[in-house]
Amino acid sequence: MNKKGFIFDLDGVIVDTAKYHFLAWKKLANSIGVDFTETQNEQLKGVSRVKSLEKILAWGNKTVSEAEFKELMDSKNTDYLNYIEQMNASEILPDVPKVLNYLIENKQGVALGSASKNATVILEKVDLLSKFDQIVDGNHVVKGKPNPEVFLKGAEALGIEPKHCIVFEDASAGIEAAKAAQMIAIGIGDKTVLGDADYVFNDFTEISTDFIKELINK
Ligand code: G6P
Ligand code: MG
């Protein structure tokens, strides 16, 4: 069988942490008198912590000093980590282990490509860390999605050419990044948002092992 590289985004693909990001960002935004809605939260998917706070401040027409900015970032992350602390394997999204196990059984490269700086701790909490050959996350990249850096680094870490890599992503910025990296982009979520992907599925229950086999043999 061929060896391909399969690169997974974390938030919204493996686990639904968007709800915890929402709660933590909402508390923070409200604490400085800024409104924060679920619709705005959607726009932060795949966006780094720094860029997310910049957007929230811009939406609220707020400017803060550099020191305050850092305090706000730290405070949001402390709240977020309190939610993460409670996570366990029950929060893995349906059929994600089925796909990961199939890839491992068939000796494929498996990497994480996430903007999160908390990726390792989340994977440990849900007991999936051992499934990944390589982890590339927010601690390893300078440019956020839609820049392809995170996925290119994932391919490099796996030792597999980008054109032989397949990305699973729930954010449109992530699909853009995967396409910019010349990879096959598989959208997980809403077709209207992820229309630029090569394939879109609502979740992993719609992805058969036959389909994965086709990708491997492409
Ligand atoms: C993912 C999420 C974003 C989050 C980013 C950074 O891309 O979709 O909503 O802002 O990671 O996460 P972090 O855990 O480093 O704050
Ligand atoms: Mg995501």
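Predicted model, so just to flag it, every value in this text is computed and none were measured. These values consider heavy atoms only, across backbone and side chains, with no hydrogens, waters or symmetry-generated copies. One-based numbering, in listed order, for ligands and for the atoms of each.
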Going by the order shown, which atoms of ligand 1 are within less than 4.0 Å of some heavy atom of S52? 10 (O)
Atom name of the N, O or S atom in D170 that lies nearest to the Mg ion (ligand 2): OD1
Student check: side-chain heavy atoms of L81 and N118 closer than 4.5 Å: yes
Counting only heavy atoms closer than 4.0 Å, does ligand 1 sit against the backbone of D11, its side chain, both, or neither? side chain
Closest to the Mg ion (ligand 2), among the N/O/S atoms of D11, is atom O
Is the ring pair F201/F211 parallel, tilted or perpendicular, if the boundaries are 30 and 60 degrees? perpendicular
Nearest-contact summary for atom 7 (O) of ligand 1 - protein heavy atom, Å: G46 CA, 3.2 Å
With the side chain counted from C-beta on, respond yes when K76 and L53 share a heavy-atom pair under 4.5 Å apart, and no when they do not. no
Can you tell me the protein heavy atom closest to atom 9 (O) of ligand 1 and the distance? L44 O, 3.1 Å
Ligand 1 versus T17: contacting region, heavy-atom distance under 4.0 Å: neither
With heavy-atom distances below 4.5 Å as the criterion, would you say the side chains of T120 and E124 are in contact? yes
Backbone or side-chain N or O of N118 under 3.5 Å from ligand 1 N or O: yes
Closest protein heavy atom to atom 4 (C) of ligand 1, given as residue, atom name and distance to 0.1 Å: V47 O, 3.2 Å
Does S114 come within less than 4.0 Å of ligand 1, judged by its heavy atoms? no
Validation row: F69, E54 side chains within 4.5 angstrom (heavy atoms): yes
Can you check whether F36 reaches L44 side chain to side chain, under 4.5 Å on heavy atoms? yes
For residues 183-198, dump all side-chain donor-acceptor pairs below 3.5 Å to protein atoms at least two apart in sequence or in another chain.
| from | atom 1 | to | atom 2 | distance (Å) |
| --- | --- | --- | --- | --- |
| D190 | OD1 | T192 | N | 3.0 |
| D190 | OD1 | T192 | OG1 | 2.8 |
| D190 | OD2 | T192 | OG1 | 3.2 |
| D198 | OD1 | K179 | NZ | 3.1 |
| D198 | OD2 | K179 | NZ | 2.7 |
| D198 | OD2 | A185 | N | 2.7 |

Would one find an N or O of S116, backbone or side chain, under 3.5 Å from an N or O of ligand 1? yes
The atoms of ligand 1 lying under 4.0 Å from a heavy atom of K45, numbered in the order shown, are 8 (O)
Strictly by modelled atom types, are Y20 and E91 linked by a side-chain donor-acceptor pair under 3.5 Å? yes
If we only consider heavy atoms of G138, is any one of them less than 4.0 Å away from an atom in ligand 1? no
Looking at D9, the N, O or S atom sitting nearest the Mg ion (ligand 2) is OD2
Can an N or O of R49 be found at a distance shorter than 3.5 Å from an N or O of ligand 1? yes
Answer yes or no: does an N/O atom from K117 fall short of 3.5 Å to an N/O atom of ligand 1? yes
Between D210 and S208: side-chain donor-acceptor atoms closer than 3.5 Å: no
Can you find a heavy atom in the side chain of K4 that is under 4.5 Å from one in the side chain of L103? no
